[in-house]
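It should be emphasised that the depicted structure is a prediction, and the values quoted were computed from it without experimental measurement. Just so you know, ligand 1 is whichever comes first in the structure, and atom 1 is the first atom listed for that ligand.
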Amino acid sequence: DVLVPRSDVACRNDAVVFVHSQMYVDLCNNLAKVPGRASAVHGLIEAYGLTKELRLVEPRPATVAELTSFHSTDYIDHLRKASAEEDEEKDIDVSEEFGLCYDCPILPGVYEYAAMVAGATLTAAQCLIDGECRVAINWHGGWHHAKKDEASGFCYVNDPVLAILRLRERFSKVLYIDLDLHHGDGVEDAFCCTSRVMTLSLHKFDTGFFPGTGDIHDTGMGRGRYYTVNVPLRDGIQDSQYFSVFNKVVSQAESCYRPEAVVLQLGADGMSGDPMGCFNLTPQGVGRCLAVVLDWKLPTLLLGGGGYHVGNTARCWTALTAQVLGKSLPQDIPEHEHFTEYGPDYELGITPGNRVNHNTDEYVEEVINIVSENLAHVM
Ligand SMILES: CN(c1ccc(C(=O)NO)cc1)S(=O)(=O)c1ccc(-c2ccccn2)s1
Ligand SMILES: [Zn+2]
């Protein structure tokens, strides 16, 4: 059949692909750092009747070849062997090698979990490449800290990097936007030396806050100089200021970079009420950011990430799923298996806390000016 010129992959329809299977939810429930979050997220999306509007696509595990398109063979081999060992056999290497300790413990089955999450994100990316949809969603992906040969920050395999590498087989320029509370260091590291992928992260940046990278002056290296964009923020930021920063920086990035595809990591640990207790955002604020990206009408992959208040994370990703579908939702949480997660108000909306905002207008203006000057070098 006629090859579609790479720059204008036509979308056969405006379906929204949603990668899902019960087995996938069960796997994510048990092994991600937030037990039970996967089924709470899926349960609320289903309770609002949104799964009927989505094109559900079953995930398949990523192959070793796919995993080692970014990760080292040694790391993947070690993860696979360690994951297969029964925990009573102590001969596995429990050293900190490959980052497999503390925040990223070797749990039985962790390899199958990581391979399935990566496979789910790759399945979503493939649907975009094949023109099956314009937006594809994997809320259980977005593990942005994993490095080539090291697990980090609850992330074993960097599924956003794998997706971007796959999208790059079809699209000449990919824009990665990371709205998780934490800096998307693993994705930035993977593409810091190329102009073919622009990574743009809004995150908390403060002394001693994980992962410690994401300084505004880190702009990439060599051919990648100015194609790494970091927007460091302080505690307490609320929707209006966050959207203002996002809109100015991301709109300039899109207009000077002209990406052909977008990967958007929507970690929900910046929500008001999250145990991380840093930002003071609501799904409405992040939804305004999503609307800017959807308006570009580009192939767009939506991923999850952090989010440690299970109810608020489910609220956020359900509201964003409805927004992609163009559906408005009733404020009252529908009766369903996880209803009790949403007390005491049992409402979809999240009210911002009245916490101190350390982002002065002067600080935000300075950040925007520096980022804007850097982006002026991008052509
Ligand atoms: C390993 N760490 C990470 C790493 C990544 C994330 C993340 O969400 N990245 O997107 C969060 C914490 S960490 O050292 O900052 C923490 C571990 C546990 C933390 C915690 C747990 C409960 C309440 C507040 N903080 S922070
Ligand atoms: Zn996070």
Practice prompt. Might you work through the ring-ring contact (aromatic ring centres under 6.0 Å, His included) test for His182 and Phe209, ending with a clear yes or no?
Written response: CA-CA 9 Å; His182 300 85; Phe209 186 73; 4.9 Å; yes
Please identify which atoms of ligand 1 are closer than 4.0 Å to at least one heavy atom of [X].
X      : answer
Asp180 : 9 (N), 10 (O)
Asp269 : 7 (C), 8 (O), 10 (O)
His144 : 9 (N), 10 (O)

When you measure from [atom] to every protein heavy atom, which one gives the shortest distance, and what is it?
atom                    : result
atom 15 (O) of ligand 1 : Phe210 CB, 3.3 Å
atom 9 (N) of ligand 1  : His145 NE2, 2.7 Å
atom 19 (C) of ligand 1 : Met276 CE, 4.0 Å

Worksheet entry | Contact check, Lys33 vs ligand 1, heavy-atom distance below 4.0 Å |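 So Lys33 does not count as touching ligand 1.
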Discussion item. Heavy-atom contact check, 4.0 Å cutoff: does Pro275 meet ligand 1?
Written reply: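 Pro275 counts as a contact of ligand 1 under the 4.0 Å cut-off.
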Which atom name does [X] have for its N/O/S atom nearest to the Zn ion (ligand 2)?
X      : result
Asp269 : OD2
His182 : ND1
Asp180 : OD1

Worksheet item: Looking only at heavy atoms, is any part of Phe209 under 4.0 Å from ligand 1, and if so is it the side chain, the backbone, or both, or is it neither?
Response: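 For Phe209, no heavy atom sits under 4.0 Å from ligand 1.
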Worksheet entry | Student check: side-chain heavy atoms of Leu281 and Ile237 closer than 4.5 Å |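 When only atoms from C-beta onward are counted, Ile237 and Leu281 do touch, with a gap below 4.5 Å.
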Worksheet item: Mind checking whether Gln323 and Leu320 have side chains closer than 4.5 Å, heavy atoms only?
Response: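 When only atoms from C-beta onward are counted, Leu320 and Gln323 do touch, with a gap below 4.5 Å.
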Worksheet item: Between the side chains of Asn230 and Ser201, is a donor N or O closer than 3.5 angstrom to an acceptor N or O?
Response: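 No.
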Item to complete: Decide if atom CD of Glu337 counts as having more than 12 heavy atoms of other residues, nucleotides or ligands within a radius under 6.0 Å.
Response: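 12 or below, so no.
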Worksheet item: Any nitrogen or oxygen of Asp103, main chain or side chain, under 3.5 Å from a nitrogen or oxygen of ligand 1?
Response: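 No, there is no polar N/O contact under 3.5 Å.
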Worksheet entry | From CD (Glu254) to CH2 (Trp296), nearest 0.5 Å |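 One finds 5.0 Å between CD of Glu254 and CH2 of Trp296.
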Discussion item. Within this structure, what is the CZ-SG distance for the pair Phe98 and Cys104, rounded to the nearest 0.5 Å?
Written reply: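 SG of Cys104 is found 14.0 Å from CZ of Phe98.
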Practice prompt. For the pair His336 and His338, name the ring-plane relationship: parallel under 30°, tilted 30 to 60°, perpendicular over 60°.
Written response: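 Correct class here is tilted.
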Worksheet item: Nearest non-hydrogen atom to atom 8 (O) of ligand 1 belongs to which of Tyr102, Phe154, Tyr308?
Response: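 Closest candidate by heavy-atom distance is Tyr308.
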Fill in: Heavy-atom closest contact (Ala118 atom, Leu162 atom, distance)
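Scanning both residues, the minimum pair turns out to be CB-CD1, 3.7 Å.
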